[in-house]
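This report concerns only the one structure given below.
Below, chains carry the letters A, B, ... as their sequence lines are ordered, and counting in each starts from 1. Quick caveat: nothing in here was measured; it's all calculated off a predicted structure. As a basis for the values below, the full set of heavy atoms in this structure was taken, side chains included, without hydrogen atoms, waters or symmetry mates.
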Protein chains: 2
Amino acid sequence: MQPDTKTTLLDIAEKAARSRGFDGFSYGDLAQAAGIRKASIHYHFATKAVLSAALMDRYHAAVEQVCADIEATHQSAADRLAALVRFYRDALCGGETLCLCVAFTISRDSLADDVKDKIVAFRSMMTTWITALFELGKRDGTISAISAPAAEAHATLAMLEGAHLAAHAEHDLTAFDKATEVLLAR
Amino acid sequence: MQPDTKTTLLDIAEKAARSRGFDGFSYGDLAQAAGIRKASIHYHFATKAVLSAALMDRYHAAVEQVCADIEATHQSAADRLAALVRFYRDALCGGETLCLCVAFTISRDSLADDVKDKIVAFRSMMTTWITALFELGKRDGTISAISAPAAEAHATLAMLEGAHLAAHAEHDLTAFDKATEVLLAR
DNA sequence: GTCTATACTGCGATAGAC
DNA sequence: GTCTATCGCAGTATAGAC
């Protein structure tokens, strides 16, 4: 079954937004990639603000689902952490695409208020989940030298997003691997 | 002594670029802030590519100087690391501005090739310097549990840049402090 | 749901007067 | 060194035919 136009547009827009940021893609770009006229996109997403809100909603839900899947398929904290790092690594697409939340953060001044709030909500969801991961790590002992789980979580999210930036800057996954080597060795 | 127009323009452009990314500011914005017409800016910087290259050159030299100053004024590895974190914290301007290298990385597709190279060169300069910091830390014992200095350096730069993103996303320095708490406790 | 056509604004950049 | 004026193009968005 073919995806409908709206979904296709979201897919294309997500790729574009994660590659070039909010200010770096236009309805014209999307139209060309989707094979329709740019005016037609307004039927599906009235404004770019509406489109970016839809992108964040879908992205938030998708990543939340990935976290749930990791919990279901990996028992130890160390395995879950490794799976999370692998997810971020795969999300890079060889250095082409960043986390949507990272890409939107730089264009923050161009975003609608509700989209800014969605970025904060996404980050909160992630740090909460990673905090729980480190709390498990303290109990099961599979991750070494955990201080405060919440502090570790904020540091870990920063490191993952920073590693994304590094790989994007060099268009090379090696940069991501170097930055996460210490994290994975714990 | 008043700074000349070219320096004023660089100052304004740096602030704008670090707040909103390469795609997020225009000659029109700079002209308004500088109190001249946008056509006049082309006299100082023929194209936006030339301007962004000048921004990266100046930024690279300035940060390199900061690192040298830290070496001159702080003896132990732990003190130097703390000073580096403090420098990144101050560079945030309360969450408004990012590291120029971070801000440009997202707009990478809009940059001239030589500017992309300057980003890579900046990152290389930083990781080299931080690697030396951790090598000193292994010798003087003021930083705990150092594995491979180079790996620690890549992880640390990622964490600092990720912490910058976090603070920018929330427009709140608290996010930076949370992300660097673990780093400073070492 | 997609099209053509268009309105309006802003962009980077150039030419030439002063 | 800065100005006015302008070019050519791309941006988001809308109106209305099909």
Quiz item: Are the charged groups of B/D11 and B/R58 less than 4.0 angstrom apart, N to O?
Solution: yes
Quiz item: Can you tell if the side chain of B/M126 reaches within under 4.5 Å of the side chain of B/C67, non-hydrogen atoms only?
Solution: yes
Quiz item: Is there a side-chain contact between B/H168 and A/I106, using heavy atoms and a 4.5 Å cut-off?
Solution: no
Practice problem: Check the pair B/D4, B/T7 against side chain to side chain donor-acceptor pair (under 3.5 Å), reporting the backbone distance first and the verdict last. | Solution: CA-CA 5 Å; B/D4 61 12; B/T7 305; 2.6 Å; yes
Please tell me if [X] has a side-chain N or O lying less than 4.0 Å from either OP1 or OP2 of [N].
X     : N     : value
A/Y43 : C/dT2 : no
B/T5  : D/dT2 : yes
A/H42 : C/dT2 : no

Grab the N/O contacts between the protein and nucleotides 4-11 of chain D below 3.5 Å, and write none if there aren't any.
residue: D/dG11; atom: OP1; partner: A/S26; partner atom: OG; Å: 3.0

Quiz item: Would you say the side-chain atoms of B/E71 and B/W129 include a donor-acceptor pair closer than 3.5 Å?
Solution: yes
Practice problem: Write down the distance between CD1 (B/I36) and P (C/dC18), rounded to a whole number of angstrom. | Solution: 21 Å
Practice problem: Take the protein atom CG of B/L30 and the nucleotide atom P of D/dT2, then report the distance between them rounded to whole Å. | Solution: 14 Å
Donor-acceptor list for residues 144-160 of chain A side chains, cut-off 3.5 Å, not counting sequence neighbours:
residue: A/S147; atom: OG; partner: A/E152; partner atom: OE2; Å: 3.2
residue: A/E152; atom: OE1; partner: A/R186; partner atom: NH1; Å: 3.0
residue: A/E152; atom: OE2; partner: A/S147; partner atom: N; Å: 3.0
residue: A/E152; atom: OE2; partner: A/R186; partner atom: NH2; Å: 3.3
residue: A/H154; atom: ND1; partner: A/A150; partner atom: O; Å: 3.0
residue: A/T156; atom: OG1; partner: A/E152; partner atom: O; Å: 2.7

Quiz item: Are any side-chain N or O atoms of A/Y27 and backbone N or O atoms of A/T47, one a donor and one an acceptor, separated by less than 3.5 Å?
Solution: yes
Self-check item: Cationic tip of B/K6 above B/Y43 ring, under 6.0 Å, 45° of axis
Solution: no
Practice problem: With a 4.0 Å heavy-atom cut-off, tell me which residues in residues 106-118 of chain B come close to DNA chain C, sorted by residue number. | Solution: none
Quiz item: For DNA chain C, what residues of residues 7-24 of chain A have any heavy atom nearer than 4.0 Å?
Solution: none
Self-check item: Those residues that, when tested against B/R18, pass salt bridge (charged side-chain N to carboxylate O under 4.0 Å, His left out) (two or more places apart)
Solution: B/E14
Exercise. Output all residues satisfying side-chain hydrogen bond (donor to acceptor under 3.5 Å, both in side chains) with A/D117, sequence neighbours left out; order by chain, then residue number.
Key: none
Quiz item: In a check of salt bridge (charged side-chain N to carboxylate O under 4.0 Å, His left out) between A/E170 and each of B/K116, B/R108, B/R123, which one passes?
Solution: B/R123
